[in-house]
Amino acid sequence: MKFSQLFIPTLRETPAEAEAISHILMLRAGYVRQLAAGLYIYLPLAWRAMKRINAIIKEEMDAIGAQEISMPGLHPAEIWEKTGRWGEIGDEMFRLKDRGGRDMCLGMTHEEIITWLASMEIRSYRDLPQMWYQIQTKFRDEARPKSGILRTREFIMKDSYSFDRDEKGLEESYQKHAEAYHRIFQRCGLAFYQVESDPGMMGGATAHEFMAPSPAGEDTIVICDKCGYAANVELALSIPVGATPCGCTGQAQGPAPTEDIATPDKRTVAEVSAFLEADPSCFIKSLVLIGPEGPFLALVRGDQELHEKKLQRIIGAFRAAQKDEVKEILGVGAGFIGPHNHKLKKIADISLKGGAYISGANKEGFHTRGIKPGSHFVAEWHDIHVAKGGDGCSQCGAALREENVIEIGNIFKLGTKYSQPLRAVYLDENGEEKTIVMGSYGIGPARIAAAAVEQNNDSDGIIWPLSIAPFDVEIVVLSGDDKELADTAGRIYRELQDEKFEVLMDDRDERPGVKFKDADLLGVPCQIIIGKKALKEGLVEFKIRKTKETVRIAPSDTVARIKELYGRV
RNA sequence: CGGGGCGUAGCGCAGUUUGGUAGCGCGCACGGUUCGGGACCGUGAGGUCGGAGGUUCAAAUCCUCUCGCCCCGACCA
């Protein structure tokens with residue numbers, strides 16, 4: 001296509017509202033425009049990239065036997081009420097009423113709808129398994145849309161759902177998806193990890209996320225380079241490195257006595273640690289929490305953070321105790337609480353096993369030194385700290401690495417969470433009614449695009465992976481009024497098109513500098529520069545955007561060079 | 001939802017402290033000169049200063065309310 005006929009509104013300056021690199025570049029290069037918070041218009045270039053991403057997704061989904069369908073974006077509330085999510089999901093769901101006053105919502109996902117379909121149509125084990133998918137718009141009234149296209153309130157998602165007779169079938173569907181996802185992200189040219197993730201509200205036991213490393217990512221994962229363990233910190237297990245020896249008397253053999261030390265007005269770990277000149281890892285942080293069965297104490301090492309989700313999975317919903325509640329329960333103010341000398345239920349982090357520690361003395365203005373877990377207090381032991389880089393891997397002990405990532409896809413084993421309430425059942429060979437076992441699998445194509453830009457750019461602009469670039473080649477014609485240049489450009493343009501390459505030809509009446517700058521900004525993987533300099537010698541220039549490497553070649557060699565670049569020889 | 005920041009021409013910004021009737025750069029239009037890394041000269045178009053109310057002879061500027069956008073946190077199928 002000709003540049004002069006395409007709408008590519010490039011910007012010389014960076015719009016003030018953009019922060020993330022992908023956001024800045026997509027605005028500057030004329031890919032997207034913002035309509036409102038979390039709502040974006042995809043201009044021709046962005047839409048071309050999206051179409052290529054979607055094409056790859058479709059090919060790989062089709063390859064595992066998934067069938068493309070399309071479901072409405074507008075849903076009746078009734079179905080969401082049946083699964084309980086109408087009530088469970090809060091402000092994140094866009095809700096409205098139709099003219100008849102019926103409650104409706106804009107779909108944030110399609111488990112309910114597709115399960116309804118399955119419940120209506122699937123009768124027999126002979127109908128199973130099935131895998132259905134769509135690439136369609138989702139609506140979520142995000143509390144905080146951010147980073148351009150990365151977190152929006154309306155977005156396109158590839159969502160697929162598997163229907164199987166049993167867990168074994170689900171496992172197969174799940175693995176097929178995992179493999180398809182690997183191929184998809186690989187083909188899209190992304191660096192990515194598959195990590196263990198928290199099934200969260202989706203229910204079900206197993207879930208993985210596909211994560212593209214990027215500083216702009218809002219998720220954090222830990223990775224073990226030795227054994228391959230990789231998990232979202234939302235659930236990652238780890239072994240914090242050992243506590244710094246602090247000369248506590250309790251380090252000695254046997255149940256040594258504890259010692260109370262005056263620590264007036266020193267309440268936080270940081271304060272007491274500074275006051276006593278002891279490393280934070282020598283402390284036990286004692287948090288008074290109110291759980292379903294009343295107050296209890298959560299204990300983590302002074303240098304660790306309590307992981308609320310982990311704790312919640314163990315004890316159920318809980319909240320922090322108010323200041324006056326703390327006083328009522330233990331008779332001492334927050335800041336001087338310790339795990340010893342009382343019978344309150346305790347859940348302690350595994351990092352506290354062994355050693356001796358300092359903690360609140362349970363009397364105002366004092367801390368106790370030499371507390372030995374196990375002998376000075378009894379607790380239930382769990383991993384309830386937040387895993388972080390440097391911790392030991394829970395599988396092999398090697399050091400974990402921490403990385404920020406963009407979630408580009410996820411796969412969930414749903415089990416019967418939706419098929420049961422919606423009565424999606426089938427009859428097996430024995431005529432027995434069984435509940436369909438489901439899986440749910442998502443990919444965010446816009447996040448693939450954004451992640452690709454985040455991972456591939458330089459100070460001049462975007463550098464698209466070959467597979468998802470809006471164009472394969474950009475022909476930069478310097479001085480558009482020169483007939484010889486235009487003829488050469490036109491010839492190459494046609495030859496490339498005949499070979500089914502997507503070609504962008506910059507035929508604008510612009511100065512060379514502007515064309516070079518725009519070409520680099522747009523990020524088409526390679527450029528054919530046609531200018532008088534080289535053409536005098538009968539040559540054109542072939543430039544790789546990524547490396548800026550430029551070679552002079554005969555115009556007649558252009559197609560061959562580009563075929564070679566694209567591996568089509 | 002809590003904390004912070006910002007709304008002035010299409011974009012980036014100054015002007016707000018100390019009220020006096022809106023400016024710079026880029027872009028845009030036209031003419032001319034240029035033409036291998038975002039050219040130059042000249043002419044010109046373009047603004048309810050986010051909105052509402054108030055104070056004042058006079059409000060972009062002061063006061064009150066409100067809307068929007070961005071960032072941090074909480075939240076996040």
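So that the names make sense, note that chain A is the first sequence line, chain B the second, and so on, each numbered from 1.
Between A/Asp103 and A/Arg95 there is no salt bridge, since none of the side-chain N atoms of the basic residue sits less than 4.0 Å from a carboxylate O of the acidic one. Ion pairing of A/Glu325 with A/Arg319 is present here, as a side-chain N (NZ or NE/NH1/NH2) and a carboxylate O approach within less than 4.0 Å. A/Asp509 has no carboxylate O lying under 4.0 Å from a charged side-chain N of A/Lys515, or vice versa, which leaves the two without a salt bridge. Electrostatic pairing of A/Arg561 and A/Asp557 does not count as a salt bridge here, judged by no charged N lying under 4.0 Å from a carboxylate O.
Per the geometry, NE2 belonging to A/His23 stands 12 Å off P belonging to B/C69, to the nearest Å. Distance A/Lys533 NZ to B/C35 C1': 12 Å, rounded to the nearest Å. Distance, A/Leu27 CG to B/C70 P: 11 Å, rounded to whole Å. What separates NZ of A/Lys158 from C1' of B/A77 is a distance of 14 Å, to the nearest Å. As rounded to whole Å, 18 Å separates atom P of B/G37 from atom CG of A/Leu522. Rounded to whole angstrom, the span from the CD atom of A/Glu88 across to the P atom of B/A77 amounts to 10 Å. Summarising the geometry, the separation between CZ on A/Arg153 and P on B/A77 is reported as 18 Å, rounded to the nearest angstrom. At whole-Å resolution of the value, CD1 in A/Ile21 and P in B/C70 are 18 Å apart.
At a cut-off of 3.5 Å, with distance as the only test, a side-chain donor of A/Arg85 or A/Tyr418 sits close to an acceptor on the other residue. Between the side chains of A/Ser162 and A/Tyr441, a donor-acceptor pair is found at a separation under 3.5 Å. When only modelled atom types and interatomic distance are considered, A/Gln312 and A/Glu308 share no side-chain donor-acceptor pair under 3.5 Å. Side chains of A/Lys146 and A/His23: a donor-acceptor N/O pair is absent below 3.5 angstrom, by distance only.
Considering only residues two or more places apart in sequence or on other chains, A/Phe296 meets the ring-ring contact (aromatic ring centres under 6.0 Å, His included) condition with none of them. Checked against salt bridge (Lys or Arg N to Asp or Glu O under 4.0 Å), A/Arg491 has no partners two or more places apart in sequence or in another chain. Considering only residues two or more places apart in sequence or on other chains, A/Glu549 meets the salt bridge (Lys or Arg N to Asp or Glu O under 4.0 Å) condition with none of them.
One finds a side-chain N or O of A/Lys146 lying less than 4.0 angstrom from the OP1 or OP2 phosphate oxygen of B/C72. Between A/Arg511 and B/A39 there is a side-chain N or O to OP1 or OP2 distance below 4.0 Å. Using a 4.0 Å cut-off, no side-chain N or O of A/Arg144 falls inside it from OP1 or OP2 of B/A74.
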- prompt: Quick one: what's the B/S/- string for nucleotides 9-14 of chain B, heavy-atom cutoff under 4.0 Å, read 5' to 3'?
  reply: --BSS-

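Mapping A/Arg28 and A/Arg140 onto RNA chain B via the closest heavy atom, the residue that lands nearer the 5' end is A/Arg28. Two residues, A/Leu535 and A/Ala143, neighbour RNA chain B, and the one matched to the more 5' nucleotide by heavy-atom proximity is A/Leu535.
Of the candidate nucleotides B/A39, B/G36, B/A77, B/A77 has the atom lying nearest to any side-chain atom of A/Glu111. Proximity note for A/Pro512 (side chain, C-beta onward) versus B/C35, B/C72, B/A77: the nearest is B/C35. Residue A/Lys517 places its side chain closer to B/G37 than to any other of B/A77, B/G36, B/G37. Each of B/C69, B/C71, B/G37 was ranked by its minimum atom distance to the side chain of A/Asp520; first place goes to B/G37. Among the nucleotides B/C70, B/G73, B/A77, the one closest to any side-chain atom of A/Met108 is B/A77. Closest to the A/Glu541 side chain, of the nucleotides B/A77, B/C71, B/G36, is B/G36.
Counting non-hydrogen atoms under 4.0 angstrom, A/Ala18 reaches nothing in the nucleic acid. Looking at heavy-atom distances under 4.0 Å, A/Leu35 makes no contact with the nucleic acid at all. At the heavy-atom level, A/Ser147 lies under 4.0 Å from the strands shown only through sugar-phosphate atoms. Within 4.0 Å of A/Ala207, counting heavy atoms only, lies no atom of the nucleic acid at all. Residue contacts for A/Glu218: at a heavy-atom cut-off of 4.0 Å it reaches no nucleic acid atom on any strand shown.
Rounded to a whole angstrom, the distance from the P atom of B/G3 to that of B/G10 is 33 Å. Of the C1' atoms belonging to B/C11 and B/G7, the separation is 14 Å, rounded to the nearest Å. As rounded to the nearest Å, B/C65 and B/U55 have C1' atoms that lie 15 Å from one another. Nucleotides B/A22 and B/G27, compared at atom P, are 26 Å apart to the nearest Å. A gap of 36 Å separates the P atoms of B/C28 and B/G5, to the nearest Å. A gap of 11 Å separates the P atoms of B/U21 and B/A59, to the nearest Å. Here, B/G20 and B/C63 have their P atoms 15 Å apart, quoted to the whole Å. Remark: the separation of the P atoms in B/C24 and B/A9 is 14 Å, to the nearest Å.
Under the side chain to side chain contact (heavy atoms under 4.5 Å, CB included) test applied with A/Val222, the options A/Val233, A/Asn232, A/Val195, A/Asp391 reduce to a single match, A/Val233.
A 3.5 Å limit on both hydrogen-bonding distances identifies B/G5 as the Watson-Crick or G-U partner of B/C69. With a cut-off of 3.5 Å on both Watson-Crick or G-U wobble distances, the partner of B/G47 is given as none. Searching all strands for a Watson-Crick or G-U wobble partner of B/G20 with both distances below 3.5 Å returns B/C57. Pairing for B/U64 goes to B/A52, judged as Watson-Crick or G-U wobble with the two contacts each under 3.5 Å. Across all strands shown, B/G27 forms no Watson-Crick or G-U wobble pair with both key distances under 3.5 Å. As the counterpart of B/A39, B/U33 is assigned, both hydrogen-bonding distances of the Watson-Crick or G-U wobble pattern falling under 3.5 Å.
Sorted by first then second residue, the salt bridge (charged side-chain N to carboxylate O under 4.0 Å, His left out) pairs that include residues 447-460 of chain A, not counting sequence neighbours, are A/Glu218-A/Arg447, A/Asp458-A/Arg545, A/Asp458-A/Lys548, A/Asp460-A/Lys548.
At a cut-off of 3.5 angstrom, the base of B/A77 holds no donor-acceptor pair with the side chain of A/Asp159. With hydrogens and angles ignored, a donor-acceptor pair closer than 3.5 Å exists between the side chain of A/Lys543 and the base of B/G37.
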Taking only nitrogen or oxygen atoms into account, show me every contact under 3.5 Å that the protein makes with nucleotides 48-50 of chain B, one pair per line with its distance.
none

